[in-house]
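Taking it in order: structure first as structure tokens, then the write-up.
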Amino acid sequence: MNIFRLAGDMTHLFSVLVLLLKIHTIKSCAGISLKTQELYAIVFATRYLDIFTNYISLYNTIMKLIFLGSSFSIVWYMRRHKIVRRSYDKDQDTFRHYFLMLPCLILALIINEKFTFREVMWTFSLYLEAVAILPQLVLLQRTRNIDNLTGQYVFLLGAYRAFYILNWIYRYFTEEHFVHWITWISGLVQTLLYADFFYYYFQSWKNNVKLELPA
Amino acid sequence: KEQPLEHDEL
């Protein structure tokens with residue numbers, strides 16, 4: 001464990017807490033894409049298959065349980081909770097996210113570290129996570145006024161993977177093992193997808209104006 | 001450098 005990875009995990013945890021806070025306290029999911037939340041639930045479900053069979057550390061197991069629990073409960077809130085679901089604008093959240101899953105699965109079957117079920121699932125979860133934010137970014141461009149919590153949520157979600165890239169660089173220079181290039185590339189693509197959001201987020205913060213993404 | 005034994009990251 002290094003400071004970059006810890007910062008990444010804490011940023012990721014914080015993004016999830018900000019979202020849960022928004023949904024649980026003000027009982028609203030306005031501006032949040034259910035499709036992205038569903039994709040993230042699938043990302044964690046396919047990545048943490050070995051949560052009970054492959055013990056890494058208490059921290060690792062607890063964080064996996066938090067990410068699994070929070071992502072599925074957010075999906076539950078947005079689908080089932082009688083108040084929260086009313087604030088979900090489904091006619092705006094129209095990204096065909098299932099169409100994202102098939103190319104990721106096919107790519108995982110072709111490009112992976114080891115052709116085993118678990119390894120293919122893990123690779124699938126990496127590719128899927130790289131594109132999981134797309135429905136949310138599309139929704140942000142459609143909903144004009146982005147509220148602060150939603151903007152912070154997306155910002156933190158993007159920032160965590162950027163910290164992971166620093167972690168991979170650090171590990172490359174300090175450990176005899178190396179992190180596989182599949183992880184590097186999908187992490188890089190994921191972070192680059194946030195580039196324009198980061199730009200507008202920084203502009204809105206610098207000029208102290210409401211965050212707006214060009215349509 | 002050799003391959004990591006397992007996925008130790010989240």
Side-chain angles (χ1 to χ4, degrees), chain A residues 1-2 4-6 8-13 16 43-44 46-51 53-57 59-68 71 112-114 118-119 121-123 125-126 129 160-161 163-165 167-168 170-184 187, chain B:
Chain A
M1 172 59 82
N2 60 66
F4 303 111
R5 185 143 66 102
L6 187 62
D9 289 343
M10 291 306 109
T11 306
H12 192 188
L13 178 65
V16 159
V43 164
F44 293 131
T46 52
R47 187 173 303 177
Y48 300 153
L49 292 172
D50 59 353
I51 182 170
T53 58
N54 185 11
Y55 180 78
I56 306 267
S57 70
Y59 168 83
N60 190 274
T61 303
I62 289 175
M63 291 299 278
K64 284 176 177 175
L65 289 171
I66 291 174
F67 287 141
L68 279 168
S71 60
N112 52 62
E113 286 177 43
K114 216 169 39 213
R118 182 165 299 170
E119 199 55 38
M121 282 292 103
W122 181 81
T123 312
S125 84
L126 270 186
E129 187 189 2
Y160 112 83
R161 214 61 180 165
F163 278 122
Y164 255 75
I165 291 172
N167 150 65
W168 293 325
Y170 178 85
R171 293 188 79 174
Y172 184 80
F173 289 111
T174 58
E175 295 175 12
E176 70 289 340
H177 292 301
F178 70 97
V179 174
H180 201 275
W181 55 272
I182 289 180
T183 312
W184 281 84
Chain B
K1 288 183 182 273
E2 71 248 35
Q3 192 83 0
L5 310 174
E6 63 204 351
H7 301 303
D8 62 350
E9 296 181 341
L10 289 172

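Every chain is numbered from 1 and lettered A, B, ... according to where its sequence line falls, protein lines coming before strand lines. As the structure is a computational prediction, the values presented were derived from the model and not from experiment.
- Exactly one residue among A:Arg47, A:Glu113, A:Glu119 makes a side chain to side chain donor-acceptor pair (under 3.5 Å) with B:His7. That residue is A:Glu119.
- With chain B as partner, the option from A:Val179, A:Thr183, A:Asp50, A:Asn54 having the largest number of non-hydrogen pairs under 4.5 angstrom is A:Asn54.
- For A:Trp181, no part lies under 4.5 angstrom from a heavy atom of chain B.
- Heavy atoms of A:Asn167 lying under 4.5 Å from chain B belong exclusively to its side chain.
- The contact between A:Asn60 and chain B is made by backbone and side chain atoms together, counting heavy-atom distances below 4.5 Å.
- No part of A:Phe44 comes within reach of chain B, as not one of its non-hydrogen atoms sits under 4.5 angstrom from that chain.
- No more than 12 heavy atoms of other residues, nucleotides or ligands lie within 6.0 Å of OH in A:Tyr170, so this atom counts as exposed by the packing criterion.
- With a 4.5 Å cut-off on side-chain heavy atoms, A:His12 and B:Leu10 do not count as touching.
- Screening A:Met1, A:Arg5, A:His177 for a side-chain contact (heavy atoms from CB on, under 4.5 Å) involving B:Asp8 leaves a single residue, A:Arg5.
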